[in-house]
Amino acid sequence: MSDAQTLTSPLTVLGIETSCDETAAAIVRGRPGHGAEILSNVVFSQLEEHAPYGGVVPEIAARAHIDRLDALTAQALEEANLGFDDLDGIAATAGPGLIGGVIVGLMTAKGMAAASGVPFVPINHLEGHALTVRLSSDLANDVPFPYLLLLVSGGHCQLLVVEGVGRYRQLGTTIDDAVGEAFDKTAKLLGLGIPGGPAVERHANGGNQKRFTLPRPLKGRPGCDFSFSGLKTAVRQAATNLGELNAQDKADLCASFQAAVCDSLANRTVRAMAMFTSEFGEEARHFVLAGGVAANSAIRSTMTDLASSHGLEMVVPPVALCTDNGAMIAWAGLEHLSLEGHFRERSSGRMGTLAAPPRARWPLSSQ
Ligand code: KG4
Ligand code: ZN
């Protein structure tokens, strides 16, 4: 049964994202399975505010969200040429993330919803990443459930079976650092600036990936969990052994690190692909790569090869929708609103969601 069976016309939803260092607001109009349009998508990156500290400072992030969010939301509405009366829902990230920022976005969105009578939808940030591929797919390239998802971001590294909206089954997760965190820490160690991931990738392009032998933690072990902290420590050790680092040393370290990440991700993902295809048979068609680290070309190409060797088509949202943005939150809200129960409640103007708490931790599999 289609999730959107009761819906006959598109919904228009405002999405607000403030869980890390991007303040974002967007408006999406669409109908799951029938295409969607991003009417506006405004992202303010706080990079400059955090750069002097070499990483995201939670207090600075929360204050920057307060400073920007009202104006960004107004801009998103203006660019879409819409007012609150035109909205079917207001969705905001309710976690997981830096709690100060989550509170700012959540309370602002609740205030807007309460004042305008538009239904409010609290969204798990990871669910935003997990469903984005359905926002960016068009009619001809619809990505139906179920699909296997590798979510790689600054805070997470998870393998999930996405069976439907709100139905996520975790096959594996990191037991220590997230993969984006490993990129960011490597960049910091080598003095490459922030954001670390793109900087490491750029340097890796001119480096020799065979120069340093780095570990592949958990490789060959049962299950689908990941581990990256040993890899990060090994990079630090290799850098310390060299002493003063020249540009080529840095490039070779980045290339060796990135190759080890690709290999580790592949080793765990291959197990999840085998589980997914054996459980779902013919129904298992898509492998989705999502989250900020999905912007990495080496990881993309490793995963494309792996997916095709398992008869799966790999789908990756456009880079601008892989990193944090408001459109993915709007879309996840739209998917929820499209479900029969929520859609009916819409006419009452409230969904009882205004009491949804902000959460620093919120595993996706407990939706
Ligand atoms: O999904 P995202 O925007 O925020 C979180 O929810 O965490 O992901 C941000 C992460 C950062 O760690 C950043 O360094 C990483 O994605 N990243 C990359 C690349 N672009 C962004 N990592 C590796 N290669 C890239 N090209
Ligand atoms: Zn994210």
Side-chain angles (χ1 to χ4, degrees), residues 15-24 26 41 43-47 50-51 54-56 58 61 65 92-98 101-102 105 123-133 149-158 160 173-174 177-190 192-205 207 226 228 231-232 235 254-255 257-262 264-265 288-303 316-329 331-332 360-364:
I16 288 177
E17 159 57 35
T18 56
S19 66
C20 192
D21 59 341
E22 257 99 26
T23 316
N41 190 14
V43 182
F44 172 76
S45 168
Q46 303 172 1
L47 264 184
H50 299 288
V56 178
H65 290 307
T93 298
L98 300 175
V102 171
I123 293 297
N124 182 313
H125 178 84
L126 304 176
E127 182 173 41
H129 282 302
L131 298 176
T132 303
V133 71
L149 170 73
L150 174 60
L151 174 57
V152 277
S153 73
H156 302 274
C157 185
Q158 299 187 2
L160 294 149
T173 186
T174 180
D177 291 351
V179 62
E181 191 181 353
F183 270 97
D184 293 337
K185 285 178 176 168
T186 297
K188 191 171 181 181
L189 173 81
L190 301 177
L192 306 181
I194 63 168
V200 169
E201 179 172 15
R202 263 196 318 278
H203 283 76
N205 288 339
F226 302 91
F228 294 103
L231 175 57
K232 171 195 68 191
V235 174
C254 286
F257 164 81
Q258 189 172 269
V261 168
C262 287
S264 299
L265 287 174
V288 175
L289 185 63
V293 183
N296 185 285
S297 309
I299 294 175
R300 280 178 185 237
S301 91
T302 303
M303 291 300 153
V316 194
V319 171
L321 295 180
C322 279
T323 46
D324 290 350
N325 64 87
M328 71 183 197
I329 302 304
W331 175 256
R361 300 180 68 83
W362 186 3
L364 191 53

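Order of appearance sets the numbers: ligands from 1, and atoms from 1 within every ligand. In this chain, residues are counted from 1 in sequence order. Below, each value reflects all heavy atoms present in this structure, side chains not excepted, and no hydrogens, waters or symmetry copies. Small disclaimer: the values here were computed from a predicted structure and weren't measured.
A side-chain donor-acceptor contact under 3.5 Å links Thr18 to the backbone of Gly101. Checked by atom type and distance alone, the side chain of Glu22 never pairs as donor or acceptor with a backbone atom of Glu17 at under 3.5 Å. Listed for the His129 side chain is no donor-acceptor partner under 3.5 Å among the backbone atoms of His125. The main-chain N or O of Ala294 is found under 3.5 Å from a side-chain atom of Arg300 such that the two form a donor-acceptor pair.
Within the structure, ligand 1 lacks Cys20 among the residues with a heavy atom less than 4.0 angstrom away.
The option with the heavy atom closest to atom 10 (C) of ligand 1, from among Gly154, Ser45, Gly291, is Gly154. Nearest to atom 25 (C) of ligand 1 by heavy-atom distance, out of Gly197, Ala178, Ser297, is Gly197. Of the candidates Glu201, Arg202, Gln258, Glu201 brings a heavy atom nearest to atom 26 (N) of ligand 1.
If you run side chain to side chain contact (heavy atoms under 4.5 Å, CB included) between Val261 and each of Val293, Ile299, Val152, only Ile299 comes through.
No part of His156 comes within 4.0 Å of ligand 1, judged by heavy-atom distances. With a 4.0 Å heavy-atom cut-off, ligand 1 is reached by the backbone of Asn296 and by its side chain too.
Here 3 is the count of protein N, O or S atoms positioned under 2.8 Å from the Zn ion (ligand 2), waters not counted.
The shortest heavy-atom contact between Asp324 and Met328 is OD1-CE, 3.9 Å. Nearest heavy atom pair, residue Ala61 against residue Val56, reads CB-CG1, 4.3 Å.
Close contacts of ligand 1 with Gly155, meaning ligand atoms under 4.0 Å from a residue heavy atom, involve 7 (O). Counting atoms of ligand 1 from 1 in the listed order, those under 4.0 Å from a heavy atom of Gly180 are 12 (O). Atoms of ligand 1 found under 4.0 Å from any heavy atom of Asp184, numbered from 1 in the order shown, are 11 (C), 12 (O), 13 (C), 14 (O). The atoms of ligand 1 that sit less than 4.0 Å from any heavy atom of His129 are 1 (O), 6 (O).
Taking only nitrogen or oxygen atoms, main chain and side chain alike, Glu22 does not reach within less than 3.5 Å of ligand 1.
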